[in-house]
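Note sheet for the following structure.
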There are 2 protein chains.
Amino acid sequence: MKPLSIGHVARRGGVGVETVRFYEREGLLPKPTRTLSGYRQFDEEIIGRLRFIRRAKELGFTLNEIKELLSLRIDPSTTCADVKVRAETKIADIEAKIDSLKRMKLALVKLTKACSGRGTTSECPILDALDCEEKS
Amino acid sequence: MKPLSIGHVARRGGVGVETVRFYEREGLLPKPTRTLSGYRQFDEEIIGRLRFIRRAKELGFTLNEIKELLSLRIDPSTTCADVKVRAETKIADIEAKIDSLKRMKLALVKLTKACSGRGTTSECPILDALDCEEKS
DNA sequence: ATCGACCCTGTACCATACTACAGAGTCAAG
DNA sequence: CTTGACTCTGTAGTATGGTACAGGGTCGAT
């Protein structure tokens with residue numbers, strides 16, 4: 001296998017060159033070997049790793065969580081169950097976010113329903129609700 | 001009305017002193033008058049404004065959006081309908097976020113269902129799915 | 001030999017919403 | 001008059017996930 005330049009792996013992994021260097025700094029990618037002139041030399045599997053990162057990001061994992069997933073995979077003593085736990089934790093996180101957003105939405109919907117859409121801002125129930133007079 | 005110190009409005013508004021100064025810098029609060037020695041002098045209504053900001057944040061508005069809401073309220077030519085449009089836009093934003101999170105969750109649930117939780121990471125369907133072999 | 005495309009490091013910057021100082025001045029109570 | 005609580009400005013740091021240079025060096029083709 002001939003080594004690939006950073007530009008190559010970036011293109012094929014669907015990220016920018018700067019992003020590859022950023023991931024390397026952050027420990028998501030191993031330190032690659034270098035040519036005599038200092039150029040990074042990657043091999044094919046790094047492209048898979050970049051795609052892994054992209055997919056995990058799409059699933060809502062942060063870079064730190066992805067780093068953990070990657071280290072789980074590398075450590076031979078971890079089991080499939082360990083990975084499953086991470087995924088389940090992430091599902092719970094996502095559910096909590098969804099609930100919170102639903103509550104926000106409900107509150108806003110209530111406000112817009114109360115609002116006729118007519119008149120000036122001085123009689124706007126939306127702003128009034130946010131105002132929440134100190135009197136109370 | 002006697003003027004209030006920054007510490008007072010911060011406590012009563014439910015935020016920190018630094019946050020009040022930050023909001024002032026960001027244009028969410030008007031520049032207060034000062035004592036001869038340079039201390040800020042707020043009046044009661046600022047506490048309401050701080051609560052307005054807190055509530056709007058809870059509803060998912062960013063500080064920039066809140067700044068707009070506040071300026072809408074101040075500008076006498078804007079109508080209640082203008083505010084309603086902002087609220088409806090925010091509802092649509094929130095719905096989009098919820099949908100995106102639901103898709104993430106679904107994908108993760110599928111993966112965890114495929115995963116027996118037994119065996120080593122080399123046979124983990126979750127990691128495999130993220131891997132997405134280059135062969136394909 | 002020269003040109004453009006690529007690569008290197010290091011630093012600074014984007015948005016978001018604060019938070020944490022340092023180092024100084026002020027105010028009110030005892 | 002001292003002490004402690006409070007305030008001031010200005011700067012820098014937090015986490016997140018990068019992006020954008022500047023100012024160089026290198027590689028391959030012509």
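Both backbone and side-chain heavy atoms feed into the values below; hydrogens, waters and symmetry mates do not. Protein chains get the first letters and strands the later ones, always in sequence-line order, with residue 1 at the start of each. Remember, it's a predicted structure, so these values are computed and weren't measured experimentally.
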Charged N-O contact under 4.0 Å between Lys67(B) and Glu26(B): no
Atom-to-atom span, CZ of Arg21(B) to C1' of dA22(C) - whole angstrom: 13 Å
Value in whole Å for how far the P atom of dG25(C) lies from OH of Tyr39(B): 12 Å
Sugar-phosphate only, base, or nothing, as touched by Arg40(B) at under 4.0 Å among non-hydrogen atoms: sugar-phosphate
OP1 or OP2 of dT16(D) under 4.0 Å from side-chain N/O of Lys57(A): no
Arg12(A) bridged to Glu44(A) by N-O distance under 4.0 Å: yes
Expected output: side-chain Thr112(A) to main-chain Leu108(A) donor-acceptor under 3.5 Å: yes
Presence of Ser37(B) side-chain N/O under 4.0 Å of dC27(C) phosphate oxygens OP1/OP2: yes
Whole angstrom value for the distance that separates P of dT19(C) from CD1 of Ile6(B): 13 Å
Nearest-Å distance for atom pair NE2/P, residues His8(A) and dC6(C): 10 Å
Sidechain N-carboxylate O distance under 4.0 Å for Arg86(A), Glu65(A): no
Closest contact, heavy atoms only, Ala107(B) versus Leu59(A): CB-CD2, 3.4 Å
Length of the CZ-C1' vector between Phe42(A) and dC8(C), whole Å: 12 Å
Distance below 4.0 Å between Thr19(A) side-chain N/O and dT19(D) OP1 or OP2: yes
Sugar-phosphate, base or nothing in reach of Thr35(A), heavy atoms under 4.0 Å: nothing
Length of the line joining Phe22(A):CZ and dC21(D):C1', which is rounded to integer Å: 17 Å
Under 4.0 angstrom between Arg34(A) side-chain N/O and dT9(C) OP1 or OP2: yes
Asn64(B) CG - dC18(C) C1' separation (whole Å): 14 Å
No-H, no-angle donor-acceptor pair, Tyr23(A) side chain to dG17(D) base, under 3.5 Å: no
Between dG18(D) (P) and Arg25(A) (CZ): distance, integer Å: 12 Å
Under 3.5 Å donor-acceptor pair, Glu18(A) side-chain atoms to dC21(D) base atoms: yes
